[in-house]
Amino acid sequence: MRIRATVAAVTGALALSALAVPAVQADEKPDAGLSVPSGAEVFGAGSGAPAAGARAARAARAAEVPVIKKVVVNGGKDIVVGTKSKQKVTVAITASSPSGIADAYAFLWHGHIDEVDGFLAPTQEFGSCKVSANPTTSTCTVSITIDPRSDDLYTSSLAGTWKVAAGALAATGSDEDFIWNESQAKTRVQRFSKLTVNASPEPVKKGKTITVTGKLTRANWDTNTYKGYTNQPVKLQFKKKGAKSYTTVKTVKTSSTGTLKTTVKASADGTWRYSFAGTSTTPAVSAKGDFLDVK
């Protein structure tokens, strides 16, 4: 019924494209020359030759077009991918149609509709659908497994906003009664980030100068390693012993290698940390605090 092979073909072609351009720079996006699969390809509309009776019956009635009410990716959270661990992402499509919903499908893509350079497809053939209290409405889910060690995310330039193509098929028995939108929703795929901190010397006398160092790194999908995130504003924060929250002392920018270094006066026992607000390509992260004993 469904030409999911079309989806697999796009994934395979992108994998070959990634192998063909191993020298892609972090700020470049390869022109794969591939298009986003259409709804007819996804749901297999017209892939078979219906009998004369079926064609006549179909022609005698108006097409039933489902309505997509909502698409939620990863529970509404950004998708954060590191360098080793696979990430399983669920896409939930809520749709309705007078005859009910037979199936729904979705995938994530990056680039231009006719020049796709990133493609993340579900691992199953059909959506898992659950009918709501209203029999015309169902929520169908598909799962996408992202492996940073494969060709899923072959270059760091794929971090950022991705489009979500989604559609639903009415339970009429016809593979032509579907709705499909290549840009039904958006989601963000981000590079996992790490942040460290160290306050020294310790212990230290009150009023003396202390040096607080650290490093901000994020996943590099080109090399499957963590590299410094350069020229980023990071907050130095302090939590006095017994306090419940941190206070921002100053903002420090990372170096060309992602390192951080600044000095402050020691005033009381407490915990120091660096905190990064995040960007569209990299999630927010705070270092595990370093307690400093002030004599």
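Note: hydrogens, waters and symmetry copies are ignored here, and every other heavy atom, side chains too, is used.
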Q. Given the rule that I, L, V, M, F, W and Y join up when any side-chain heavy atoms are under 4.5 Å apart, are I101 and V67 in one cluster?
A. no
(Q) Assess the residue pair W221 and V81 against the criterion (side chain to side chain contact (heavy atoms under 4.5 Å, CB included)); give the C-alpha distance rounded to whole Å, side-chain angles, the decisive distance to 0.1 Å, and a yes or no. (A) CA-CA 9 Å; W221 297 329; V81 183; 3.9 Å; yes
Q.
Distance alone, cut at 3.5 Å: any donor-acceptor contact between the side chains of Q232 and T254?
A. no
(Q) Please check this pair: side chain of K250 against backbone of T263, looking for a donor-acceptor N/O pair closer than 3.5 Å. (A) yes
Q.
If I take atom NZ from residue K84 and atom CZ from residue F192, how far apart are they, to the nearest 0.5 angstrom?
A. 12.5 Å
Q.
Applying side chain to side chain contact (heavy atoms under 4.5 Å, CB included) to T209 and K265, what does each step give before you reach the verdict?
A. CA-CA 5 Å; T209 298; K265 298 291 185 181; 3.1 Å; yes
Q) V189 and V36: same hydrophobic cluster, using ILVMFWY side-chain contacts below 4.5 Å? A) yes
Q: Specify whether F119 and F107 have parallel, tilted or perpendicular ring planes, treating 30° as the upper limit for parallel and 60° as the lower limit for perpendicular.
A: tilted
Q) Where is the tightest heavy-atom contact between S174 and L169, given as atom of each residue plus distance? A) O-CD1, 3.6 Å
**Q.** Backbone N/O of G100 and side chain of T136: donor-acceptor pair under 3.5 Å
**A.** no
Q. With N220, which of T217, N224, D222 fulfils side chain to side chain contact (heavy atoms under 4.5 Å, CB included)?
A. D222
Q. Side chain to side chain contact (heavy atoms under 4.5 Å, CB included) between R149 and L153: does it pass, once the steps are laid out?
A. CA-CA 8 Å; R149 294 168 297 181; L153 297 171; over 6 Å; no
Q) How close do V294 and A266 get, heavy atom to heavy atom, and via which atoms? A) CG2-CB, 4.0 Å
Q: Starting at CG of D117, measure out to CG of L158 and round the result to the nearest 0.5 Å.
A: 5.5 Å
Q: Answer yes or no: is there a side-chain heavy-atom contact under 4.5 Å between Q184 and I68?
A: yes
Q. Where do P66 and A168 come nearest, in terms of heavy atoms and distance?
A. CG-O, 3.7 Å
Q.
Can a donor-acceptor pair be found, under 3.5 Å and without considering hydrogens, that links the side chain of S255 to the backbone of T259?
A. yes
Q.
Do V164 and I146 land in one hydrophobic cluster if side-chain heavy atoms of ILVMFWY residues count as linked below 4.5 Å?
A. yes
Q | Interatomic spacing from OG in S38 to CZ in F43 - rounded to 0.5 Å | A | 10.5 Å
Q) More than 12 non-hydrogen atoms from neighbouring residues, nucleotides or ligands closer than 6.0 Å to NZ on K227, yes or no? A) no
Q) Relative to the ring of W272, is the ring of F238 parallel (under 30°), tilted (30 to 60°) or perpendicular (over 60°)? A) tilted
Q | Sidechain-backbone polar pair: W162 side chain, L120 backbone, donor-acceptor under 3.5 Å | A | no
Residues 274-287 side chain polar contacts: donor-acceptor under 3.5 Å, at least two apart:
residue, atom, partner, partner atom, Å
Y274, OH, V212, O, 2.7
S275, OG, S286, OG, 2.9
T279, OG1, Y229, OH, 3.1
T279, OG1, T281, N, 3.4
T279, OG1, T281, OG1, 3.3
T279, OG1, T282, N, 3.2
T281, OG1, R218, NH1, 3.1
T282, OG1, R218, NH1, 2.8

Q: Verify the cluster assignment for F291 and L195: are they in a single hydrophobic cluster under the rule of side-chain heavy atoms below 4.5 Å apart?
A: no
Sequence neighbours left out, cut at 3.5 Å: what donor-acceptor pairs do the side chains of residues 126-133 make with other protein atoms?
residue, atom, partner, partner atom, Å
S132, OG, N134, N, 3.2
S132, OG, N134, O, 2.9
S132, OG, T137, O, 3.1

Q) Atom CD in Q237, atom OG1 in T247: separation rounded to 0.5 Å? A) 8.0 Å
**Q.** V73 reachable from I179 in the ILVMFWY side-chain graph, under 4.5 Å edges
**A.** yes
Q) How close do T161 and R188 get, heavy atom to heavy atom, and via which atoms? A) OG1-CG, 4.1 Å
Q) Quick one: are R191 and S156 in side-chain contact, heavy atoms under 4.5 Å? A) yes
(Q) Looking at every non-hydrogen atom in both residues, tell me the closest pair between T223 and T225 and how far apart they are. (A) OG1-OG1, 2.6 Å
Q: Output yes when a side-chain donor or acceptor of T94 lies under 3.5 Å from a complementary backbone atom of K69, and no otherwise.
A: no
Q.
Under a 3.5 Å cutoff, is there a donor and acceptor pairing between the side chains of S200 and T211?
A. no
Q) Just by distance, do the side chain of D269 and the backbone of K241 share a donor-acceptor pair under 3.5 Å? A) no
Q. Looking at W180 and A165, what are the two nearest heavy atoms and their distance?
A. CZ2-CB, 3.6 Å
Q. Are the side chain of W109 and the backbone of E182 linked by a donor-acceptor contact shorter than 3.5 Å?
A. yes
(Q) Has T123 got a side-chain atom pairing as donor or acceptor with S143's backbone, closer than 3.5 angstrom? (A) yes
(Q) So does A199 get a backbone contact from the side chain of D290, meaning a donor-acceptor N/O pair under 3.5 Å? (A) yes
Q.
As an exercise, state the distance from NZ of K261 to OG1 of T213, rounded to the nearest 0.5 Å.
A. 8.0 Å
Q.
I'd like to know whether I79 forms a side chain to side chain contact (heavy atoms under 4.5 Å, CB included) with T187, so could you lay out the CA-CA distance, the side-chain angles of the two residues, the decisive distance to 0.1 Å, and finally the verdict.
A. CA-CA 8 Å; I79 302 168; T187 191; 4.1 Å; yes
**Q.** Sidechain-backbone polar pair: Q124 side chain, T141 backbone, donor-acceptor under 3.5 Å
**A.** yes
Q: Using a 4.5 Å cut-off on heavy atoms from C-beta on, say whether the side chain of V91 contacts that of P122.
A: no
Q. Rounded to the nearest 0.5 Å, what separation is found between the CG atom of L34 and the CD1 atom of I113?
A. 13.0 Å
**Q.** pair D293-E202: side-chain heavy atoms closer than 4.5 Å
**A.** no
Q: Evaluate the side-chain proximity of T83 to Y226: yes if any heavy-atom separation is below 4.5 Å, no if none is.
A: yes
Q: For residues T257 and T230, determine if any side-chain heavy atom of one lies less than 4.5 Å from a side-chain heavy atom of the other.
A: no
**Q.** Audit row: T172, E64, side-chain hydrogen bond (donor to acceptor under 3.5 Å, both in side chains) steps and yes/no
**A.** CA-CA 8 Å; T172 60; E64 183 172 315; 5.8 Å; no
